[in-house]
> 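Provided herewith is a single structure, encoded as C-alpha coordinates, for subsequent inquiry.
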Amino acid sequence: MDHAAVLALFDRDMREGAQPDGPDARVERVGRIVRQVSSEHGWNGVVWSDLDAAGADAAITEQIAHFSGLGREFEWKLYGHDLPVDLGQRLRAAGFVGQPEETLMIGEVAGLNLDAEPPEGIRILPVTDSAGVDLVAQVHEKAFGTDGSRLRHQLLAQLRADADTVVAVVALAGDTPVSAARMELVPGTRFAGLWGGGTVEGWRGRGIYRALVAHRARAAVDRGYRYLQVDAMSSSRPILERLGFEPLTTTTPYVYTP
(Lines give C-alpha, C1' and ligand atoms only; values in the text may rest on other atoms or scores of the structure.)
Protein backbone atom coordinates (compact mmCIF):
# COMPACT_ATOMS: atom_id res chain seq x y z
CA MET A 1 0.00 0.00 0.00
CA ASP A 2 1.25 3.48 -0.89
CA HIS A 3 0.71 5.12 2.50
CA ALA A 4 1.09 8.72 1.31
CA ALA A 5 -1.32 8.25 -1.60
CA VAL A 6 -3.95 6.44 0.47
CA LEU A 7 -3.74 9.00 3.28
CA ALA A 8 -4.19 11.82 0.74
CA LEU A 9 -7.23 10.00 -0.69
CA PHE A 10 -8.63 9.53 2.81
CA ASP A 11 -8.19 13.23 3.60
CA ARG A 12 -9.91 14.22 0.37
CA ASP A 13 -12.83 11.80 0.45
CA MET A 14 -13.53 11.32 4.14
CA ARG A 15 -12.48 14.61 5.68
CA GLU A 16 -12.45 17.51 3.22
CA GLY A 17 -15.31 15.88 1.31
CA ALA A 18 -17.08 14.61 4.43
CA GLN A 19 -20.74 13.60 4.27
CA PRO A 20 -23.22 13.78 7.19
CA ASP A 21 -23.16 10.69 9.38
CA GLY A 22 -26.90 10.74 10.03
CA PRO A 23 -30.23 12.20 8.93
CA ASP A 24 -30.18 14.94 11.57
CA ALA A 25 -26.68 16.17 10.66
CA ARG A 26 -25.28 18.54 8.06
CA VAL A 27 -21.76 19.26 6.87
CA GLU A 28 -20.65 22.89 6.56
CA ARG A 29 -17.58 24.25 4.81
CA VAL A 30 -16.41 27.55 6.28
CA GLY A 31 -13.11 28.94 5.06
CA ARG A 32 -10.43 26.31 5.69
CA ILE A 33 -12.67 24.31 8.03
CA VAL A 34 -15.09 21.44 7.40
CA ARG A 35 -17.41 20.74 10.33
CA GLN A 36 -20.45 18.64 11.10
CA VAL A 37 -23.38 20.19 12.94
CA SER A 38 -25.90 17.80 14.41
CA SER A 39 -28.52 17.60 17.14
CA GLU A 40 -27.54 17.26 20.78
CA HIS A 41 -27.78 13.48 20.31
CA GLY A 42 -25.43 13.41 17.31
CA TRP A 43 -21.75 14.07 16.71
CA ASN A 44 -20.70 17.71 16.43
CA GLY A 45 -17.20 18.67 15.44
CA VAL A 46 -14.43 19.63 13.05
CA VAL A 47 -13.47 16.85 10.65
CA TRP A 48 -10.92 18.68 8.49
CA SER A 49 -8.86 21.85 8.57
CA ASP A 50 -6.14 23.40 6.42
CA LEU A 51 -4.65 26.06 8.66
CA ASP A 52 -1.38 27.90 9.06
CA ALA A 53 0.23 29.43 12.09
CA ALA A 54 -1.06 32.91 11.25
CA GLY A 55 -4.73 31.95 11.09
CA ALA A 56 -5.07 28.94 13.38
CA ASP A 57 -6.00 30.72 16.61
CA ALA A 58 -8.68 32.81 14.91
CA ALA A 59 -10.16 29.70 13.29
CA ILE A 60 -10.26 27.94 16.66
CA THR A 61 -11.98 30.93 18.26
CA GLU A 62 -14.57 31.00 15.45
CA GLN A 63 -15.46 27.33 15.95
CA ILE A 64 -15.78 27.76 19.70
CA ALA A 65 -18.13 30.71 19.16
CA HIS A 66 -20.20 28.80 16.60
CA PHE A 67 -20.78 25.64 18.61
CA SER A 68 -21.13 27.50 21.91
CA GLY A 69 -23.86 29.59 20.29
CA LEU A 70 -25.67 26.34 19.54
CA GLY A 71 -25.10 25.06 23.06
CA ARG A 72 -23.20 22.08 21.68
CA GLU A 73 -20.20 20.23 23.03
CA PHE A 74 -17.98 19.50 20.05
CA GLU A 75 -14.88 17.64 19.03
CA TRP A 76 -11.94 18.77 16.94
CA LYS A 77 -10.63 15.59 15.34
CA LEU A 78 -6.90 16.22 15.01
CA TYR A 79 -4.71 13.99 12.85
CA GLY A 80 -0.96 13.60 13.25
CA HIS A 81 -0.17 15.24 9.91
CA ASP A 82 -2.48 18.25 10.34
CA LEU A 83 -0.95 21.73 10.29
CA PRO A 84 0.24 23.80 11.97
CA VAL A 85 2.38 21.29 13.84
CA ASP A 86 1.42 22.83 17.20
CA LEU A 87 -2.34 22.71 16.53
CA GLY A 88 -2.92 20.36 19.47
CA GLN A 89 -1.14 22.75 21.81
CA ARG A 90 -3.25 25.63 20.48
CA LEU A 91 -6.46 23.64 21.05
CA ARG A 92 -5.50 22.90 24.65
CA ALA A 93 -4.69 26.55 25.24
CA ALA A 94 -8.17 27.45 23.96
CA GLY A 95 -9.86 25.15 26.47
CA PHE A 96 -10.11 21.83 24.63
CA VAL A 97 -9.45 18.60 26.51
CA GLY A 98 -7.44 15.97 24.66
CA GLN A 99 -8.65 12.37 24.70
CA PRO A 100 -6.46 9.26 24.33
CA GLU A 101 -4.55 9.10 21.05
CA GLU A 102 -5.64 6.49 18.52
CA THR A 103 -4.03 5.13 15.35
CA LEU A 104 -5.64 5.56 11.95
CA MET A 105 -5.36 2.13 10.38
CA ILE A 106 -6.42 1.32 6.84
CA GLY A 107 -6.64 -2.02 5.11
CA GLU A 108 -7.11 -2.74 1.43
CA VAL A 109 -9.87 -5.34 1.47
CA ALA A 110 -8.24 -7.45 -1.26
CA GLY A 111 -5.28 -8.06 1.04
CA LEU A 112 -7.06 -8.68 4.34
CA ASN A 113 -7.35 -11.99 6.15
CA LEU A 114 -11.12 -12.48 6.25
CA ASP A 115 -11.24 -16.11 7.39
CA ALA A 116 -11.81 -15.41 11.09
CA GLU A 117 -14.98 -17.01 12.42
CA PRO A 118 -16.61 -16.56 15.85
CA PRO A 119 -15.48 -18.96 18.57
CA GLU A 120 -17.64 -21.91 19.56
CA GLY A 121 -20.81 -20.87 21.34
CA ILE A 122 -20.88 -17.38 19.82
CA ARG A 123 -23.29 -16.34 17.08
CA ILE A 124 -23.29 -13.07 15.15
CA LEU A 125 -26.66 -11.37 14.77
CA PRO A 126 -27.28 -8.61 12.19
CA VAL A 127 -28.89 -5.52 13.73
CA THR A 128 -31.91 -4.30 11.79
CA ASP A 129 -34.40 -2.94 14.35
CA SER A 130 -34.73 -1.15 17.68
CA ALA A 131 -34.34 -4.36 19.68
CA GLY A 132 -30.97 -5.01 18.03
CA VAL A 133 -29.91 -1.39 18.55
CA ASP A 134 -30.66 -1.77 22.26
CA LEU A 135 -28.35 -4.78 22.40
CA VAL A 136 -25.55 -2.80 20.71
CA ALA A 137 -26.00 0.04 23.20
CA GLN A 138 -25.94 -2.39 26.14
CA VAL A 139 -22.62 -3.81 24.96
CA HIS A 140 -21.23 -0.30 24.42
CA GLU A 141 -22.10 0.71 27.98
CA LYS A 142 -20.61 -2.43 29.52
CA ALA A 143 -17.48 -2.53 27.34
CA PHE A 144 -16.57 1.16 27.51
CA GLY A 145 -18.29 2.29 30.72
CA THR A 146 -19.99 5.19 28.94
CA ASP A 147 -23.57 6.18 28.25
CA GLY A 148 -24.96 4.53 25.11
CA SER A 149 -27.88 6.89 24.50
CA ARG A 150 -26.12 8.87 21.74
CA LEU A 151 -25.13 5.65 19.94
CA ARG A 152 -28.66 4.30 20.32
CA HIS A 153 -30.18 7.44 18.80
CA GLN A 154 -27.67 7.68 15.93
CA LEU A 155 -27.77 4.02 14.91
CA LEU A 156 -31.56 3.81 15.01
CA ALA A 157 -31.84 7.00 12.93
CA GLN A 158 -29.38 5.62 10.36
CA LEU A 159 -31.24 2.32 10.04
CA ARG A 160 -34.57 4.09 9.59
CA ALA A 161 -33.33 6.71 7.14
CA ASP A 162 -31.05 4.61 4.93
CA ALA A 163 -30.12 1.10 6.03
CA ASP A 164 -27.59 0.86 3.18
CA THR A 165 -25.26 3.31 4.95
CA VAL A 166 -24.64 1.21 8.06
CA VAL A 167 -23.97 -2.42 8.97
CA ALA A 168 -24.31 -3.25 12.66
CA VAL A 169 -23.79 -6.59 14.37
CA VAL A 170 -23.94 -8.02 17.87
CA ALA A 171 -22.27 -11.20 19.13
CA LEU A 172 -24.37 -13.33 21.44
CA ALA A 173 -23.38 -16.03 23.90
CA GLY A 174 -26.72 -17.75 24.14
CA ASP A 175 -29.04 -14.78 24.56
CA THR A 176 -26.43 -12.56 26.23
CA PRO A 177 -24.86 -9.77 24.14
CA VAL A 178 -21.08 -9.87 24.68
CA SER A 179 -19.67 -7.85 21.77
CA ALA A 180 -20.93 -5.42 19.14
CA ALA A 181 -19.70 -3.24 16.31
CA ARG A 182 -20.85 -1.26 13.29
CA MET A 183 -19.58 -0.24 9.87
CA GLU A 184 -20.47 3.08 8.26
CA LEU A 185 -20.59 3.16 4.46
CA VAL A 186 -20.02 6.40 2.60
CA PRO A 187 -21.58 6.34 -0.89
CA GLY A 188 -19.35 7.60 -3.68
CA THR A 189 -16.10 6.88 -1.82
CA ARG A 190 -13.80 3.88 -1.61
CA PHE A 191 -13.79 3.81 2.20
CA ALA A 192 -15.94 2.06 4.77
CA GLY A 193 -15.33 2.86 8.43
CA LEU A 194 -15.29 0.34 11.26
CA TRP A 195 -16.59 1.84 14.51
CA GLY A 196 -17.60 0.95 18.02
CA GLY A 197 -16.03 -2.49 18.22
CA GLY A 198 -16.20 -3.44 21.88
CA THR A 199 -16.29 -6.66 23.89
CA VAL A 200 -17.56 -7.02 27.44
CA GLU A 201 -14.87 -7.79 30.00
CA GLY A 202 -14.70 -11.51 30.63
CA TRP A 203 -15.24 -12.28 26.96
CA ARG A 204 -12.11 -10.59 25.63
CA GLY A 205 -9.19 -12.50 24.20
CA ARG A 206 -11.36 -15.21 22.61
CA GLY A 207 -11.33 -13.96 19.02
CA ILE A 208 -14.76 -12.31 19.03
CA TYR A 209 -13.50 -8.85 18.06
CA ARG A 210 -11.44 -10.37 15.26
CA ALA A 211 -14.49 -12.25 13.98
CA LEU A 212 -16.59 -9.07 13.95
CA VAL A 213 -13.91 -7.22 11.97
CA ALA A 214 -13.80 -10.04 9.42
CA HIS A 215 -17.61 -10.17 9.22
CA ARG A 216 -17.85 -6.46 8.45
CA ALA A 217 -14.93 -6.61 6.03
CA ARG A 218 -16.71 -9.30 4.01
CA ALA A 219 -19.80 -7.08 3.94
CA ALA A 220 -17.67 -4.20 2.61
CA VAL A 221 -16.28 -6.44 -0.14
CA ASP A 222 -19.81 -7.43 -1.14
CA ARG A 223 -20.71 -3.74 -1.47
CA GLY A 224 -17.69 -2.87 -3.59
CA TYR A 225 -15.60 -0.87 -1.11
CA ARG A 226 -11.82 -0.95 -1.55
CA TYR A 227 -10.55 0.26 1.84
CA LEU A 228 -11.52 -0.23 5.46
CA GLN A 229 -10.63 2.45 8.02
CA VAL A 230 -10.36 2.11 11.81
CA ASP A 231 -9.44 4.56 14.55
CA ALA A 232 -7.69 1.92 16.64
CA MET A 233 -7.00 1.93 20.36
CA SER A 234 -3.76 0.32 21.50
CA SER A 235 -5.63 -2.86 22.47
CA SER A 236 -7.09 -3.25 18.97
CA ARG A 237 -4.03 -2.39 16.90
CA PRO A 238 -2.22 -5.78 17.17
CA ILE A 239 -5.38 -7.65 16.13
CA LEU A 240 -5.91 -5.36 13.16
CA GLU A 241 -2.29 -5.67 12.07
CA ARG A 242 -2.61 -9.46 12.04
CA LEU A 243 -5.66 -9.08 9.80
CA GLY A 244 -3.67 -6.94 7.36
CA PHE A 245 -4.41 -3.35 8.42
CA GLU A 246 -1.57 -0.82 8.29
CA PRO A 247 -1.01 2.28 10.49
CA LEU A 248 -0.98 5.55 8.52
CA THR A 249 -1.11 8.29 11.15
CA THR A 250 -2.48 9.13 14.58
CA THR A 251 -5.76 10.79 15.48
CA THR A 252 -6.61 12.54 18.74
CA PRO A 253 -10.06 13.86 19.71
CA TYR A 254 -10.02 17.28 21.35
CA VAL A 255 -13.31 18.04 23.11
CA TYR A 256 -14.68 21.47 23.97
CA THR A 257 -17.57 21.85 26.39
CA PRO A 258 -19.25 25.30 26.42
Side-chain angles (χ1 to χ4, degrees), residues 14 18-27 36 38-43 107 109 112 114-200 203-204 206-231 236 239-240 243:
M14 304 300 290
Q19 299 180 33
D21 68 2
D24 59 353
R26 67 182 184 275
V27 170
Q36 175 170 293
S38 186
S39 69
E40 61 182 338
H41 300 291
W43 186 86
V109 292
L112 296 178
L114 305 181
D115 296 332
E117 296 293 338
E120 185 176 353
I122 300 294
R123 60 191 174 97
I124 296 177
L125 177 71
V127 172
T128 59
D129 55 22
S130 59
V133 170
D134 285 341
L135 294 178
V136 172
Q138 288 176 32
V139 170
H140 182 89
E141 291 173 344
K142 292 179 180 178
F144 299 112
T146 56
D147 180 37
S149 58
R150 175 178 289 183
L151 171 61
R152 182 182 284 107
H153 173 86
Q154 178 182 348
L155 182 52
L156 191 56
Q158 286 175 301
L159 288 171
R160 287 173 173 170
D162 189 352
D164 291 334
T165 63
V166 63
V167 172
V169 289
V170 61
L172 299 172
D175 293 326
T176 303
V178 297
S179 187
R182 70 187 191 279
M183 175 171 66
E184 296 190 354
L185 307 165
V186 184
T189 76
R190 282 159 278 191
F191 292 90
L194 304 186
W195 299 96
T199 302
V200 175
W203 290 92
R204 297 167 185 165
R206 306 189 190 192
I208 302 174
Y209 174 81
R210 177 186 174 98
L212 292 186
V213 171
H215 179 92
R216 288 174 290 165
R218 290 192 291 267
V221 171
D222 292 342
R223 289 161 173 78
Y225 285 86
R226 182 174 179 180
Y227 299 105
L228 287 177
Q229 167 252 324
V230 188
D231 291 349
S236 305
I239 301 171
L240 293 164
L243 288 171

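Nothing here was measured: the structure is a model prediction, and the numbers come from that model.
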> Going by heavy atoms in the side chains, are His215 and Pro118 under 4.5 Å from each other?
no
> Could you check whether any side-chain N or O of Ser179 sits under 3.5 Å from a backbone N or O of Gly198, counting only pairs where one atom can act as donor and the other as acceptor?
yes
> Give me the atom names and distance for the closest heavy-atom approach of Ala220 to Ala192.
CB-CB, 4.4 Å
> Ignoring hydrogens and geometry beyond distance, is a side-chain donor-acceptor pair present between His140 and Thr146 at under 3.5 Å?
yes
> With rounding to the nearest 0.5 Å, note down the distance linking CZ in Arg216 to CG in Leu114.
12.0 Å
> What's the spacing between Arg210 CZ and Ile208 CD1 if we round to 0.5 Å?
13.5 Å
> Please test Val127 against Leu135 for side-chain contact (heavy atoms from CB on, under 4.5 Å), starting from the C-alpha separation and ending with a verdict.
CA-CA 9 Å; Val127 172; Leu135 294 178; over 6 Å; no
> Shortest non-hydrogen contact from Leu212 to Ala171?
CD2-CB, 4.4 Å
> To the nearest 0.5 angstrom, please state how far the CD1 atom of Ile122 sits from the CG atom of Leu125.
12.5 Å
> Does atom CZ (Arg204) have a neighbourhood of more than 12 heavy atoms from anything else shown, all under 6.0 Å?
yes
> Looking at every non-hydrogen atom in both residues, tell me the closest pair between Gly174 and Leu172 and how far apart they are.
O-CB, 3.5 Å
> Using a 3.5 Å distance criterion without hydrogens, assess whether the side chain of Gln36 forms a donor-acceptor pair with backbone atoms of Ala25.
no
> Decide side-chain contact (heavy atoms from CB on, under 4.5 Å) for Val170 and Gln138; before the verdict, give the C-alpha distance in whole Å, the side-chain angles of both, and the deciding distance to 0.1 Å.
CA-CA 10 Å; Val170 61; Gln138 288 176 32; over 6 Å; no
> Quick one, Asp129 with Leu159, criterion side-chain contact (heavy atoms from CB on, under 4.5 Å). Give me CA distance, side-chain angles, the key distance, then yes/no.
CA-CA 7 Å; Asp129 55 22; Leu159 288 171; over 6 Å; no
> Heavy atoms, side chains only, cut-off 4.5 Å: are Phe144 and Val139 in contact?
no
> So do the side chains of Glu184 and Phe191 get within less than 4.5 Å of each other, counting heavy atoms only?
no
> Thinking salt bridges, do Arg123 and Asp175 make one under a 4.0 Å N-O criterion?
yes
> Hey, could you give me the CH2/CG distance between Trp195 and Leu151, rounded to the nearest 0.5 Å?
12.5 Å
> Are any non-hydrogen side-chain atoms of Tyr225 and Val109 less than 4.5 angstrom apart?
no
> Against Asp24, only a single residue in His153, His41, Gln154 fulfils side chain to side chain donor-acceptor pair (under 3.5 Å); can you say which?
His153
> Pair Val230, Ser236 - check side-chain contact (heavy atoms from CB on, under 4.5 Å), show working.
CA-CA 10 Å; Val230 188; Ser236 305; 5.9 Å; no
> If you measure from CD on Glu40 to OG on Ser149, what distance do you get to the nearest 0.5 Å?
9.5 Å
> Evaluate the side-chain proximity of Met183 to Val166: yes if any heavy-atom separation is below 4.5 Å, no if none is.
no
> Which heavy-atom pair separates Ala181 from Gly197 by the least distance, and what is that distance?
CB-CA, 3.7 Å
> Does the side chain of Arg182 reach to within under 4.5 Å of the side chain of Val136, using non-hydrogen atoms?
no
> For residues Leu112 and Ala217, report the shortest heavy-atom separation together with the two atoms involved.
CD1-CB, 4.5 Å
> Sub-3.5 Å donor-acceptor pair from the side chain of Gln19 to the main-chain atoms of Val186, do we have one?
no
> Determine the minimum heavy-atom distance between Arg26 and Pro20, stating which atoms define it.
CA-CG, 4.1 Å
> When you compare the side chain of Arg206 with that of Thr199, does any pair of heavy atoms fall below 4.5 Å?
no
